[in-house]
Amino acid sequence: MDSRYNSQQTEDEIYTLWEKADAFNPDSVKKLRQENDNKQDSSTGEQFSIILPPPNANDPLHVGHAMYTIEDVLVRYHRMLGDDTLWLPGTDHAGIETQFVFEKKLKKEGKSRFNFDRSTLYQMIWDYVQENSSVATDQMKKLGFSLDWSRFKFTLDKDIVDNVVETFQLLYKDGLIYRDLKLVNYCTRCGTSYSELEVNHEDKIDPLYTIQYGPLQVSTVRPETIFGDVAVAINPNDDRYKQYIGKMIEVEFPWGNKTMPVIADNYVDPKFGTGAVKVTPYHDQNDFQMWETHKSEISEVPVPVINTSGKIYNAPKKYNGLGVINARAAVLEDYEAYKDSQGRSLLISIDKKYSHSVGVCYRCAKPIEPLPLPQLFIKVADSSNPKNKKSNLVKRALESLDSGETKIHGAGREKVLRHWLKNLKDWNISRQIVWGIPIPVWYKINDNEDKIIVSFVDKNKVYQTGKLSKWLETTSLKEIKQNIQSISADISVPYSVSVEDPKLTTTTEKDVSDYIQETDTFDTWFSSSQWPVATLKTNKKGDFERFYSTSVMETGYDILPIWVMRMMLLGNYLTGKTPFKNVYLHGLIRDEKGKKMSKSKGNVINPLEVKEEFGADALRMALVIRSTPGQDKSVGKPDFKAARNLTNKIWNAARFTTLMIENPHETSVLKNAPGDAEYFVKLNSIISEISKHLSDLKLGLAAEVIYNEFWHWYCDICIEDAKQGKISLEVLKVGLVTFLKMLHPFMPFVTESIWQELLKKNIVSEKLLIVSDWPTQVS
RNA sequence: GAACUUGUAGCUCAGUUGGUUAGAGCGCUUCGUUGACAUCGAAGAGGUCAGAGGUUCGAGUCCUCUCAAGUUCACCA
């Protein structure tokens, strides 16, 4: 053995050794363990399973992914204990993320998604993802993760897709799906709507304009939405304006006059601005709410004035087609120039330092546009049918927390989760992108041709959009369907939920369908939220019964609401059982100074680079040692270096112990030295301590204890004592074997590599450390 | 406005149901190549555990308040 441990030389070789033995597959581990030392079956009969949070299929790993180490430590520990252990890998299609990246690529080539019909675009993205799909999985192997690759799943695998669609149908049957025209959070750059969880809020300073509004004055930061106004609102207790309540007022605009009612609503804060608010139902959430409650007082039917491209429409001609920012400028310019009949300006004042918070796209940071779109929603807290316990998704999830069926590990995160669950709004699951699972909803065409807007690429590869009725005059339905980009059906159009065209199943006529399919796809998180159920149901027969509920879900606390919570909603709904008994939420990885990592700061750690320089074991140990769930963790070069030094220490301790056993000196005692009994007492207490910490999911502590005991007890004291014959070489060997086993989950490569050396020298008998027995009390 | 988290050695952090002289890594000082490891060993300096009060035989650990930092949510015409 060399005097130094060389991680580069051994790691790949060791991983191959495990893979060849099929040591990650629970179906072969039992046999492997028996063969390992020709022993009795030492299975515990317990089951232990973790579903890997699927990384994006087309992205390389970042440090956050290296935290999968936590899962690997648990899995390796339980495998050695003799539990029936599964760690199931997969990757995610990451709908919006991936399409966004792909569109960037198209843009570079001078193209856009509007050049392609849906199926062509889908195929292009598919190919693109396939090209990159092995990046993430290869990297996971480099870090030593003992994932059962034979059970690998991709979120767009056909069986997974079928499963997700089936869930949707179930939800629909249970009355938990509805289609409604609501204001959704729409990003006009990404071209899709988002759920409330995907909107970030940023503080911004924008001018606040106060304008004359009939006899009242109102303040707004968004004058461009003024075309969509249908009323003015004041607080019911505001004495200044009481006389106007319920009255119609005449409002003068630079482009003409309009009469509208004054409504009274408690939402209006009399102390803010002038105490009067213009009501634009289709472009502001609060206005929408006010409109809904005061519908009977407002005769005018609101119209949207901003479209999904962020352009003005349904406005006076000169403004139509302008982008939001340009429209704002144009409106202001006109206000500045305009004088009313008495020569006064309608623009009263401008507060240039007005600070407010603006919802922005989590993906591209562009301000979110609240737009009225018909979308599909999941009722998260349906109480209309108390008999059907399943139907209140939120309640079920809360119950599983109350009963302890689901335990949350992570400083204070359970409270956060409960808060989320209690305040959760219905979940918008429609996304206007191609890269995802198509929604199995079909709209009836007959009698609704005027209510369905279609966009498609025509014969000449030109993007066309308009009412279906208009296009059917010149183009066949078949052709439109083949080249479809998107459709938008009015909320009044009847629809069926079906995988196949509902008409085709009942008619003998070919291609004379009376239905057209929704072009929206599911929110990626809708499929992700079924991941523990779907991966096990679509895998080897019996896997679901064998491994569900899973033992641990380990992920970052940042996706607690967006993912973990939703898995609880749907997992419980689908199976009546929690998808995971424990949720382990790791903290964010920060740099050595405790600063957040970001590309602009240049302090991002690439796990693969760390692996190259210090070895995978060092990376793993540095991340796990002294980590606590829910708490952020700082790591930097000194930490990797310290952990790398540990690999070398282990290597040398093994080397030297072997040397002593093979060439005992005169001072050595082979067996029964005076200190042996006391030594065993200590060793036993270490074994119990480490085992307890690992069973309790206290990995940071387990790692720290084993580090200290190995280095400062075994190496510094025991080896020195053995040199002087205070303890025997026999027990020193037992100690080495025990420590290698306990270190293995954390540092699998160096320990297995030493083990193979010891095997050659007949110092150990079990053939593979990875499937060896976890140490029990020695005597 | 609210909730949550954090405050322990120069730095980054552990501290397991309250229980001897409060720990680690890095850094620092002084020694040291005697059968492995200098990616090492030995010895050592360094902490009124943010502050104040309380519960207790006993508090870094539990409770209350104060101060500070961070995160998230809500509102924003």
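Quick note on labels: first sequence line is chain A, next is B, and so on, each numbered from 1.
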Q) Closest nucleotide of RNA chain B for Tyr707(A) versus for Gln724(A): which of these residues is on the 5' side? A) Tyr707(A)
(Q) Less than 3.5 Å apart, any donor N or O on the side chain of Ser753(A) or Gln756(A) sitting next to an acceptor on the other? (A) no
Q | Sequence-distant partners of Glu757(A), side chain to side chain donor-acceptor pair (under 3.5 Å), two or more places apart | A | none
Q | Residues in side-chain contact (heavy atoms from CB on, under 4.5 Å) contact with Glu689(A), at least two apart in sequence or another chain | A | His693(A), Val705(A)
For nucleotides 16-21 of chain B, tabulate all protein N/O to nucleotide N/O atom pairs closer than 3.5 Å, reporting atom names and distance.
residue : atom : partner   : partner atom : Å
rU16(B) : O2   : His693(A) : ND1          : 3.4
rU16(B) : O2   : His693(A) : NE2          : 3.2

**Q.** side chain to side chain donor-acceptor pair (under 3.5 Å) partners for Tyr209(A), two or more places apart
**A.** none
Q | Residues in contact with RNA chain B, drawn from residues 636-655 of chain A - heavy-atom cutoff 4.0 Å | A | Ala642(A), Arg644(A), Asn645(A), Asn648(A), Lys649(A), Asn652(A), Ala653(A), Arg655(A)
Q: Identify which nucleotide among rU39(B), rC75(B), rG41(B) has an atom closest to any side-chain atom of Tyr267(A), counting heavy atoms from C-beta outward.
A: rC75(B)
Q.
Under 4.0 Å, heavy atom to any atom of RNA chain B: which of residues 660-670 of chain A qualify?
A. Met660(A), Asn663(A), His665(A), Thr667(A), Ser668(A)
Q. So what stems show up for RNA chain B if we need 3 or more Watson-Crick or G-U pairs in a row, all under 3.5 Å?
A. B:1-7 with B:67-73, B:10-13 with B:23-26, B:28-32 with B:40-44, B:50-54 with B:62-66
Q: Select base, sugar-phosphate, or nothing to describe what Tyr5(A) touches, counting heavy atoms under 4.0 Å on all strands.
A: nothing
Q.
Checking Tyr557(A) now: which residues fulfil side chain to side chain donor-acceptor pair (under 3.5 Å) with it, not counting sequence neighbours?
A. Asp632(A)
Q) Is NZ or CZ of Lys295(A) both nearer than 6.0 Å to the six-membered ring centre of Trp291(A) and within 45° of the ring axis? A) yes
Which side-chain N or O atoms in residues 634-646 of chain A pair as donor and acceptor under 3.5 Å with protein atoms at least two apart or in another chain?
residue   : atom : partner   : partner atom : Å
Ser634(A) : OG   : Asp591(A) : O            : 3.4
Lys637(A) : NZ   : Glu613(A) : OE2          : 3.4
Asp639(A) : OD2  : Gly636(A) : N            : 2.9

Q: To the nearest Å, give me how far apart CD1 (Ile717(A)) and P (rC37(B)) are.
A: 20 Å
Q. What does Val268(A) touch in the nucleic acid at a heavy-atom separation under 4.0 angstrom: a base, only the sugar-phosphate, or nothing?
A. base
Any protein N or O atoms within reach of nucleotides 59-70 of chain B? Criterion: under 3.5 Å, listing atom names and distances.
none

Q | Which nucleotide in rC13(B), rA36(B), rA24(B) has an atom nearest any side-chain atom of Glu704(A) | A | rA24(B)
(Q) Which residues pass the side chain to side chain donor-acceptor pair (under 3.5 Å) test with Thr667(A), not counting sequence neighbours? (A) none
Sub-3.5 Å pairs of nitrogen or oxygen atoms, protein against nucleotides 2-9 of chain B:
residue : atom : partner   : partner atom : Å
rU5(B)  : O2'  : Gln631(A) : NE2          : 2.9

